[in-house]
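Below, read A as the first sequence line, B as the second, and so on, with proteins coming before strands; counting in each chain starts at 1. Basis for what follows: all heavy atoms, side chains included, without hydrogens, waters or symmetry-related copies.
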There are 2 protein chains.
Amino acid sequence: MNDNDQDAGRAAARPKRADARRNEKALLEAAAAVFVSSGVEAPIRDIAAKAGVGTATIYRHFPTRADLIVAVYRHQVEALAEAGPALLASGETPHAALGRWADLFVDFLVTKHGLAAVLQSDDSCFDPLHSYFLDRLLPVCTQLLDAAVASGEIRPGQDAYELMRGVGSLCAGAGSNLRYDARHLVGLLIAGLGRAR
Amino acid sequence: MNDNDQDAGRAAARPKRADARRNEKALLEAAAAVFVSSGVEAPIRDIAAKAGVGTATIYRHFPTRADLIVAVYRHQVEALAEAGPALLASGETPHAALGRWADLFVDFLVTKHGLAAVLQSDDSCFDPLHSYFLDRLLPVCTQLLDAAVASGEIRPGQDAYELMRGVGSLCAGAGSNLRYDARHLVGLLIAGLGRAR
DNA sequence: AGGGATTACGGGACGTTGTTCCGTTTAGTT
DNA sequence: AACTAAACGGAACAACGTCCCGTAATCCCT
C-alpha cells in the first residue's frame with residue numbers, strides 16, 4: 001500500500017542505502033515534473049539531469065521506462081480502480097456508472113501527455129506498464145460491464161479488455177488537438193454498447 | 001490522376017532526368033515492400049538499401065517520410081474516396097453506408113502496419129500525410145454523415161473530422177493483438193451515433 | 001557527336017537518444 | 001579508522017534521422 005517502506009517487517013532483506021532512497025525519491029519527483037512538461041517519452045537524460053543524477057542511476061532504480069511511469073502514476077491508477085465499485089454503488093444505473101468511470105479514465109489519460117499512446121504501444125519495453133494497468137483496471141471494468149449486462153442495459157458478449165483498449169486508443173488520438181474531444185468519442189463508444197439498436 | 005506524367009502539357013517545367021525517374025520508381029517499390037515487412041516507420045536506410053540508392057536520394061524525392069507514404073498509398077486512398085458516393089448510391093440507408101465505408105477505412109488502415117499510428121501522430125514531420133488524408137477523405141466522410149443526419153438516422157452536430165480521427169485512433173490501437181478487433185469497436189462507435197438513445 | 005552546364009547521386013559526418021560498462025565514491029559495519 | 005559492498009557518474013557504443021559536399025550521370029546545344 002505504501003511505497004516508502006522498503007524494509008518494514010522484512011528482516012531478511014537489507015535496507016536500501018540512504019543515498020539510494022534519496023535518489024529514488026528525487027527521480028520520481030523529477031520524472032513527474034518532466035512528464036508534465038515534455039510527456040512520458042521525454043529523454044532519459046532530461047529526467048536524470050533534472051534529478052541531478054547520472055543516466056545509469058535511472059536504469060538501476062527503474063530498469064525500463066515503464067517501471068518509472070508506473071511508479072509515478074501508481075496512486076492515480078489506484079484511485080481509478082477504487083472509483084469503479086464506488087460508482088456502481090452510487091445509485092446510478094450500471095451503464096451510467098460505466099460511462100462515468102470511462103470519463104474518469106479519459107480524464108486521467110488525456111492529462112498525462114503521451115501516456116495513452118505508450119499504453120497502446122506493443123513495444124515489449126512497455127510490458128510492465130501494460131501488465132500493471134491490466135491487472136489493476138481490467139477487473140474493475142469487467143465488473144462494471146457485467147453489471148450493465150445483468151441489468152439488461154447493454155448487449156452481452158462485449159469484451160472488457162477490448163473496450164479498455166478502445167478507450168485508450170481514443171485517448172491516444174487526442175494529442176493537443178482542439179477539434180478532437182476524446183470524452184465525446186468515448187461517450188459514443190459506450191452508447192454504442194447499449195441494447196437499444 | 002496519373003502520377004507518371006511529370007511533364008504532360010507543362011512546357012515550362014523541364015522534364016525530370018531519366019535516372020531520377022528510375023530511382024523514384026525503385027524507391028516506391030522498395031518502400032512498398034519494406035512497409036509491408038517492417039511497417040511504415042522502417043529505417044530510411046533500409047528503404048534506400050532495398051532500392052539500391054543512397055539515403056540522400058530518398059530525401060531528394062520525398063522530403064519527408066510522409067511524402068513517401070502518401071505516394072505509396074495514393075491509389076488506395078483514392079479508391080476509398082470514390083467508394084463513399086458509391087455506397088451512398090447503393091440503396092442502403094445512409095447510416096449503413098457510413099458503417100460500410102468505415103469498415104473499408106478500417107480494413108485499409110489495419111493492413112498497413114503502423115500507418116494508423118503515424119496518422120494520429122502530431123509530429124509535424126507527418127503534416128503532409130495528415131493533410132492528404134484530410135483533403136481527400138474528409139469531404140467523403142462529411143457527405144456520408146450529412147446524409148445520415150438528413151435521413152434522421154443519427155443525431156446532428158457530429159463532427160466528421162472528429163469521427164475520422166476516432167476511427168483512426170481505434171485502428172492505431174490494433175497492433176498485432178488477437179483480442180482487439182478494430183472493426184468491432186468502430187462498429188460500436190458508429191452505432192453510438194444513432195438517434196436511438 | 002562532342003562539350004559544357006546542370007541535375008542528381010552516394011556515402012560519410014553530425015546530432016540525438018537509448019543502453020551498458022567500468023573506474024570511483026560513498027554508506028554502512030566492525 | 002578501516003574494510004566491504006552497494007551505488008554512482010559519465011563516458012562509450014549503437015541505431016537512427018538528417019544534411020553536406022565532392023563526384024558522376026544526363027541533357028541540351030551546336
Side-chain angles (χ1 to χ4, degrees), chain A residues 6-7 10-28 30-31 34-35 37-69 114 117-118 121-129, chain B residues 6-7 10-28 30-31 34-35 37-69 114 117-118 121-129:
Chain A
Q6 307 300 345
D7 49 333
R10 306 266 297 279
R14 207 172 294 164
K16 272 193 193 164
R17 257 171 53 171
D19 55 349
R21 268 198 305 270
R22 212 183 320 128
N23 278 335
E24 184 166 325
K25 195 176 166 211
L27 234 17
L28 279 175
V34 173
F35 285 174
S37 56
S38 313
V40 296
E41 305 217 81
I44 293 286
R45 282 184 233 274
D46 288 0
I47 302 170
K50 182 120 191 167
V53 304
T55 53
T57 298
I58 284 203
Y59 286 95
R60 223 168 280 120
H61 287 279
F62 306 99
T64 72
R65 181 185 293 271
D67 295 312
L68 182 56
I69 298 175
V118 142
S121 161
D122 56 356
D123 186 335
S124 67
C125 149
F126 292 116
D127 281 348
L129 183 68
Chain B
Q6 306 300 345
D7 49 334
R10 307 266 297 279
R14 206 171 295 160
K16 274 193 189 163
R17 251 169 59 172
D19 54 351
R21 267 198 305 269
R22 212 183 318 127
N23 279 333
E24 183 166 325
K25 194 174 168 212
L27 233 18
L28 279 175
V34 173
F35 285 173
S37 57
S38 312
V40 295
E41 306 217 77
I44 293 287
R45 283 169 168 85
D46 288 1
I47 302 170
K50 182 120 192 168
V53 305
T55 53
T57 300
I58 285 201
Y59 286 96
R60 221 167 284 119
H61 287 280
F62 306 99
T64 73
R65 182 185 291 271
D67 294 314
L68 182 56
I69 297 176
V118 142
S121 160
D122 56 357
D123 187 335
S124 67
C125 146
F126 293 116
D127 280 349
L129 183 67

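Proximity of A:Arg45 to the phosphate of C:dG18: no side-chain N or O atom is located under 4.0 Å from OP1 or OP2. Look at B:Asn23 and you won't find any side-chain N or O under 4.0 angstrom from OP1 or OP2 of C:dA8. OP1 or OP2 of D:dG17 sits under 4.0 Å from a side-chain N or O of B:Arg65. Taking 4.0 angstrom as the limit, A:Arg60 places a side-chain polar atom (N or O) nearer than this to OP1 or OP2 of D:dC8. Within the structure, a side-chain polar atom (N or O) of B:His61 is placed less than 4.0 Å from OP1 or OP2 of C:dC9.
In this entry the distance linking CZ of A:Phe62 with P of C:dG18 reads 16 Å, nearest Å. Rounded to an integer number of Å, the gap from B:Asp67 CG to D:dT18 C1' is 15 Å. For the pair B:Leu68 CG and D:dG17 C1', the computed distance is 14 Å after rounding to whole Å. As a whole-Å value, the separation of A:Ile69 CD1 from C:dG18 P is 11 Å. When the P atom of D:dA7 is taken as reference, atom CD1 of A:Ile58 falls 16 Å away, rounded to whole Å. What separates CZ of A:Arg22 from P of D:dC8 is a distance of 9 Å, to the nearest Å. Note: OH (A:Tyr59) to P (C:dT19) measures 4 Å, nearest angstrom. With rounding to whole Å, A:Ile44 atom CD1 is found 15 Å from D:dG9 atom P.
Side-chain proximity of B:Asp19 to D:dG17, C:dT17, C:dA8: nearest is C:dA8.
The OG1 atom of A:Thr57 sits 11.5 Å away from atom CD1 of A:Ile44, with the distance rounded to the nearest 0.5 Å. Here the CG-CZ distance, from B:Leu68 to B:Phe62, works out to 5.5 Å after rounding to the nearest 0.5 Å. The distance from the CZ atom of A:Arg65 to the OH atom of A:Tyr59 is 7.5 Å, given to the nearest 0.5 Å.
The residue among B:Asp46 and B:Ala18 whose nearest nucleotide of DNA chain D lies closer to the 5′ end is B:Asp46. If you find the closest nucleotide of DNA chain D to B:Thr55 and to A:Ala56, the one lying nearer the 5' end belongs to A:Ala56.
When each of A:Thr55, A:Val34, A:Val53 is paired with A:Ile47, the side-chain contact (heavy atoms from CB on, under 4.5 Å) condition holds for A:Val34 and for no other.
Remark: side-chain polar atoms of B:Asn23 are not paired, donor with acceptor, to backbone N or O of B:Ala20 under 3.5 angstrom.
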